[in-house]
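Below is one structure; the comments refer to it alone.
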Amino acid sequence: MSHSAPATKLAQLLAAFPELREHGKPALLLHPHLGDPKPEDSSVGGPLLWPTGEPWPTCDLLHHGYGLRDGAVEGRFDEPIALHPVLQLFAGDLPDGHTLPGNAELLQVLWCPSDHPEPPDADGHGYTPWLTMRWRHDTTDLRPLEEQPYPHTSARDYMLPPCVVAIEEITDYPSDAFLPEELADRIEEWEDDVPQAGHVIPRPSYFDDVAHRPGMKFGGYQPWGLTDPSPVECDCGTPMEHLLQIDSMEPGGLERLVISRGYSLGLHYCPTSPDHPHHTVMQ
């Protein structure tokens, strides 16, 4: 689907339901595509700038998959697995008006590129990568590593190739379950109100064409579909905010990425404190 197709369908829906505008939220599609990012660049799957003296994160959780001793299906490896870069995003690369939470200068997201039966950050799902993230408020001590640690064991689908990003500003919209019920009902009736005879182009679907845009997305709304929509709350009781969407099989460089059976993984953070544990939601 071209970049203009969702915009055209959104324009049709906004013309019919202008009150939808109040439910829009600014977001960024990152559009990763194969390239040669440097450690000083925003990237997906690329090399990271890393603080001098800070250990590279590793994983010693229970894993599911190949490479375990004695043919086991689930277990722990003798050596912890080095995490693999998912995203490095500099605040200076964001379009005007967009910032990183807490006015951070840099966000770094890494994951253990294997399936975990019960990831500690999972919100009701399993058998996905386990993520960690770092908020950097001062980048003066960050240096390119001479040799970036590489995971000794990984699932092929989760090893992201180095990609540069082409950031696109969008307005994202929530699942229809989070719209006022009366508005959602009217949109559904409008979508179904198409003559059945002749060659008629169906009206756009709010859920399929406009809501929770697919792709590698910063901000915006969490997609729903695998399960019923539900609030995502921090352990402190604060509603969490959607930070990053990592989607399966995105054209341009991530076609090989398949999360579980082809879903997306949403990363949520607590706006009260970046030190509170994040949650992930697979849909």
Side-chain angles (χ1 to χ4, degrees), residues 27-59 80-95 98-101 104-114 121 128-170 214-220 243-259 264-267 269 274 278 280:
L28 300 173
L29 291 177
L30 301 183
H31 295 301
H33 53 283
L34 295 176
D36 184 26
K38 301 298 185 285
E40 299 82 7
D41 298 329
S42 292
S43 64
V44 169
L48 305 182
L49 281 179
W50 202 254
T52 303
E54 181 177 317
W56 190 268
T58 60
C59 175
I81 297 177
L83 269 57
H84 179 63
V86 174
L87 173 68
Q88 177 166 264
L89 190 60
F90 288 89
D93 291 335
L94 302 181
H98 292 265
T99 61
L100 295 178
E105 290 186 21
L106 174 62
L107 169 64
Q108 294 171 322
V109 180
L110 306 90
W111 67 16
C112 178
S114 300
D121 57 356
T128 60
W130 167 70
L131 283 77
T132 189
M133 58 181 176
R134 300 289 190 273
W135 303 100
R136 311 291 188 191
H137 290 84
D138 184 357
T139 59
T140 55
D141 289 333
L142 304 190
R143 300 287 184 270
L145 297 178
E146 292 185 8
E147 185 174 348
Q148 184 168 287
Y150 195 82
H152 63 71
T153 304
S154 64
R156 177 178 178 271
D157 295 339
Y158 298 146
M159 291 299 292
L160 307 183
C163 293
V164 296
V165 296
I167 299 175
E168 176 192 3
E169 295 182 85
I170 64 166
M216 181 80 78
K217 181 174 66 183
F218 181 75
L243 177 71
L244 178 67
Q245 174 177 287
I246 306 166
D247 223 343
S248 292
M249 298 174 288
E250 181 173 0
L254 302 187
E255 291 93 342
R256 199 176 72 181
L257 170 61
V258 179
I259 295 172
S264 67
L265 197 63
L267 174 60
Y269 76 100
H278 66 271
T280 60

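Side-chain atoms are counted along with the backbone in the values below, which use heavy atoms only and exclude waters and symmetry mates.
Here the OG-CE distance, from Ser264 to Met249, works out to 10.5 Å after rounding to the nearest 0.5 Å. Atom CG of residue Leu142 and atom CD of residue Glu105 lie 8.5 Å apart, to the nearest 0.5 angstrom. To the nearest 0.5 Å, atoms CE (Met133) and CG (Leu83) are separated by 13.5 Å. The distance from atom CG of Leu30 to atom CG of Leu89, rounded to the nearest 0.5 Å, is 6.5 Å. Interatomic distance, CG of Leu145 versus CD of Glu147, reported as 9.5 Å (0.5 Å rounding). Distance check: Leu110 CG to Thr58 OG1 gives 11.0 Å after rounding to the nearest 0.5 Å.
Between the side chain of Gln88 and the backbone N or O of Gly46, no donor-acceptor pair lies under 3.5 Å. Between the side chain of Gln108 and the backbone N or O of Trp135 there is no donor-acceptor pair closer than 3.5 Å.
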Original post:
Can Arg256 and Arg156 be said to form a side chain to side chain contact (heavy atoms under 4.5 Å, CB included), step by step?
Top reply: CA-CA 8 Å; Arg256 199 176 72 181; Arg156 177 178 178 271; 3.2 Å; yes

**OP:** Please lay out, stage by stage, how Leu244 and Leu107 fare under the test side chain to side chain contact (heavy atoms under 4.5 Å, CB included).
**Re:** CA-CA 11 Å; Leu244 178 67; Leu107 169 64; 6.0 Å; no

**OP:** Determine, stepwise, if the pair Ser43 / Asp41 fulfils side chain to side chain donor-acceptor pair (under 3.5 Å).
**Re:** CA-CA 6 Å; Ser43 64; Asp41 298 329; over 6 Å; no

**OP:** Take Phe90 and Leu100, measure what side chain to side chain contact (heavy atoms under 4.5 Å, CB included) needs, and give me the verdict at the end.
**Re:** CA-CA 8 Å; Phe90 288 89; Leu100 295 178; over 6 Å; no

Original post:
Given Met216 and Gln245, is the side chain to side chain contact (heavy atoms under 4.5 Å, CB included) satisfied, shown in steps?
Top reply: CA-CA 5 Å; Met216 181 80 78; Gln245 174 177 287; over 6 Å; no

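Here Lys217 does not pair with Glu168 in a salt bridge; the nearest charged N to carboxylate O distance is not below 4.0 Å.
Taking the side chain as every heavy atom from C-beta outward, Pro162 and Leu34 never approach each other to under 4.5 Å. By the 4.5 Å heavy-atom criterion applied to side chains, Pro101 and Tyr269 are counted as neighbours. Side-chain contact between Cys163 and His33 is absent, with no heavy atoms from C-beta onward closer than 4.5 Å. Put simply, the side chain of Glu169 reaches to within 4.5 Å of the side chain of Leu28, judged on heavy atoms. In this structure, the side chains of Leu254 and Pro161 come closer than 4.5 Å at one or more pairs of heavy atoms. At a threshold of 4.5 Å between non-hydrogen side-chain atoms, the residues Cys112 and Pro129 do not count as touching. Between Leu257 and Leu160 there is a side-chain heavy-atom pair separated by less than 4.5 Å. Side-chain contact between Arg136 and Pro51 is present, with heavy atoms from C-beta onward closer than 4.5 Å.
The side chain to side chain donor-acceptor pair (under 3.5 Å) search around Ser248 returns none, not counting sequence neighbours. Asp36 is linked by a salt bridge (Lys or Arg N to Asp or Glu O under 4.0 Å) to Lys38, counting only residues two or more places apart in sequence or in another chain. Checked against side chain to side chain contact (heavy atoms under 4.5 Å, CB included), Thr280 has the following partners two or more places apart in sequence or in another chain: Asp121, Ala122, His125, Leu131, Leu265, Leu267, His278.
In summary, the aromatic rings of Trp50 and Trp56 are positioned with their centroids under 6.0 Å apart.
Contact record, Pro39 with Pro144: CG-CB, 3.9 Å, taken as the closest heavy-atom pair. Residues Ala27 and His98 share a closest heavy-atom pair of O-CE1, 4.3 Å.
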